[in-house]
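Data block below; observations after.
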4 protein chains.
Amino acid sequence: MTRRSTLRTARNQPQQPRSRATVSVILEAAIRVLEQDGWDALTTSRVAEVAGVSVGTLYQYFAHREAIVEALQNRELERASEMLERLLKSPEPKSDRELARAVVEALFGLYKAAPALHRVLAVDGLRLAPPETVVAFDARSVGLVKAFLTVASARLRPMSLEAAAFVIYQSVRASMLAYFLESPAGVNDDVIVDELTELTVRYLTT
Amino acid sequence: MTRRSTLRTARNQPQQPRSRATVSVILEAAIRVLEQDGWDALTTSRVAEVAGVSVGTLYQYFAHREAIVEALQNRELERASEMLERLLKSPEPKSDRELARAVVEALFGLYKAAPALHRVLAVDGLRLAPPETVVAFDARSVGLVKAFLTVASARLRPMSLEAAAFVIYQSVRASMLAYFLESPAGVNDDVIVDELTELTVRYLTT
Amino acid sequence: MTRRSTLRTARNQPQQPRSRATVSVILEAAIRVLEQDGWDALTTSRVAEVAGVSVGTLYQYFAHREAIVEALQNRELERASEMLERLLKSPEPKSDRELARAVVEALFGLYKAAPALHRVLAVDGLRLAPPETVVAFDARSVGLVKAFLTVASARLRPMSLEAAAFVIYQSVRASMLAYFLESPAGVNDDVIVDELTELTVRYLTT
Amino acid sequence: MTRRSTLRTARNQPQQPRSRATVSVILEAAIRVLEQDGWDALTTSRVAEVAGVSVGTLYQYFAHREAIVEALQNRELERASEMLERLLKSPEPKSDRELARAVVEALFGLYKAAPALHRVLAVDGLRLAPPETVVAFDARSVGLVKAFLTVASARLRPMSLEAAAFVIYQSVRASMLAYFLESPAGVNDDVIVDELTELTVRYLTT
DNA sequence: AATGAATGAGAATTCATTCAT
DNA sequence: AATGAATGAATTCTCATTCAT
């Protein structure tokens, strides 16, 4: 399967500042379109218009429509990964419950900042061009969780670390996302954080 | 937002057998297209072709493209609901763990039977026309779970039943789906069922 | 090299009369556009407009833009082939010079009837989609000429029939075409026919 | 039809050596693109890239895209003209057949050296911007041939020199080109040269 | 002179939907 | 009821050309 290259990099030199700026403008525009009008409004011309550049310019930086979403995805996945890594590898000693809560809260913050974006990344991103990207990111996150579980295994219940990491990662992520998407009755910000913390602690520790 | 009515036939009017059959043929065709070629191939003419009817006929039964997906969704959601209801209201006494496992296994069966369909319903369905439908179904499922938790609350840890029902429902559903979509290394059918059972029991009981 | 199919045939049945008519209307429109505004004006929307149908309809019958030119090509090549075949296999006895003149005149008639079309077919057709088509047609025409030369070889000078057929075919065709395209000073309809007849007779006979 | 001027630099103004060099670099790049990737790849940015200059620079020397092809055409036409002139006006006495062969061989050499280029010039050049250019060149070549025929008329058959010059020029040129483009079965380098020589001699002399 | 980012008109193509038969 | 030809708005993407730096 030949995969089209996605970012159009200037032939060689370290991207000019102007270029960088334009790429940014376009991505921000894409987010705005997404947040305001949803996935189906994310047409190349709409994004260009909102970004205040011409379609041509957009295509100077993104090989095709999907490349825009891909770029957004990568940016966001990167942020989430970093957050996870930072917290899980933090040297400050915390109780397991404190750590679980910290992770849940950090994720909460990420999603709350741009719920529509995450909705799209989770929902549409999954069906988009490179399913590998999402799978790979999930694998990477699960890997981080698993690494942590391995270190902490003494304090945990006996279990398949692979599976446990996978399950807790998916559970927390999906519940959080669904919370933002569905605003379920009887659940609020505090409660969801509490419950997901509880879920994590109870599922993993003895 | 005015919502277009979706099925052409009046809700209650006893539908002709031929009509019923045609509707069925179309829905099965849609599933086949979905399973074989994915969401983007689900065009009205493709579905009509596979169903062996003309586009015109298709439009005789479905007001618009989205109505087809909606109908698929409803059918599948109905099945899932029934399953959940049957198990949770079953008179046979089971241990909590047995019941949890029974539900997890039933869900597993449902997904395994038509993974592509569920993928589409979960992933694409969510972004499709009537987000209410999904939300409504989720609400209904969560409601069933909550009803059960209420009855069983004596044996459970103290908690917000609303939130707990929401969290456990989303967690099990998402983990299962992700399992089928991503085939994570180190996890297999048995393990995923075991772990989700464990998750459920640990999260809810003392 | 996978070659896209070009004509969109109605699934099975012998094309409806309406369909046939529409195809014709589109091809005629294409010729008109070509004759009036040249190759670069031959856009799908222009052709559709001139044909009085919508772009959608055009695409119902032609898989892509090139398919239209291909169809024109085939039609015209067919005509030329038939003409050549009819004349060369004609039972009426003619002198070699009479036969040569008959062929040259027939070709002259073909080109004169739609010079712009032939210009495009010769000039643009060559660079278009299926170079094979043109080459194949040339090969077929050369084949017809060669077959004739073989039969008549007793009356001809000794030579490579392959090469002679190729050379005389290309020479007559190109000179005729150039005559229409360039309207060279000092040459008129009668003279060009005379000279190409002369060329043929002198080149082939003793 | 107002015709845009094509070269940026004033016709006679002594061009700077650097300018000359840049023009050359661009033309060579254009040929390389043409030979390697064909007509459709001949975009201004592609040519600039291969030439190692910026599009801006390209436009400094060529008023528009077509001007590049025009320039190529002129260069090549110039060469062909010179060749023809040199041979036809050569003082060394040769038999008619020897002369005919010399011209055919020279033309053969020209085409063989860069078949793709000549293909493009013949096929695409014709449809490009200045049809006058090609017509004018053809007229000039035909003029050279005619001048020669006039001088040699004593040894030739009686005929319209205009027409004969036109016909023989087009015939030899087209057959040669088609030979390179179509690689017809049963014809090789030697044979094609022989036959075109034969064609010329037989057509023109008694 | 050179650069190359930006422009935007315009081209091909798709597909949900309608409606005359 | 069924058919399927016709519609045309909408979308993606290209590329010749300009112009501020």
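Nothing here was measured: the structure is a model prediction, and the numbers come from that model.
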- First encountered from the 5' end of DNA chain E, between Thr57(D) and Thr43(C): Thr57(D)
What is the distance from [atom1] of [X] to [atom2] of [N], rounded to the nearest Å?
X        : N       : atom1 : atom2 : value
Leu58(B) : dT17(E) : CG    : C1'   : 11 Å
Asp40(C) : dA9(E)  : CG    : P     : 19 Å
Ile26(C) : dA6(F)  : CD1   : C1'   : 11 Å
Phe62(B) : dT17(E) : CZ    : P     : 13 Å

- Hey, which sits more toward the 5' end of DNA chain F by its nearest nucleotide, Gly56(C) or Ser45(A)? Gly56(C)
Below 4.0 angstrom from OP1 or OP2 of [N], is there any side-chain N or O of [X]?
X        : N       : answer
Ser54(D) : dT3(E)  : yes
Tyr61(C) : dA6(F)  : yes
Thr44(A) : dT11(F) : no

- His64(C) side chain, from C-beta outward: closest of dT17(F), dT13(E), dA2(F): dT13(E)
- Task: Please determine, for the side chain of Val53(B), which listed nucleotide (dG4(E), dA12(E), dT3(F)) has the closest atom?
- Result: dT3(F)
- dA1(F) -> Watson-Crick or G-U wobble partner, both distances under 3.5 Å, gives none
- Message: Does the structure show a Watson-Crick or G-U wobble partner for dA9(F), both distances under 3.5 Å? Name it, or say none.
- Response: dT14(E)
- Residues Asp40(A) and Thr43(A): closest non-hydrogen pair is O-CG2, 4.1 Å
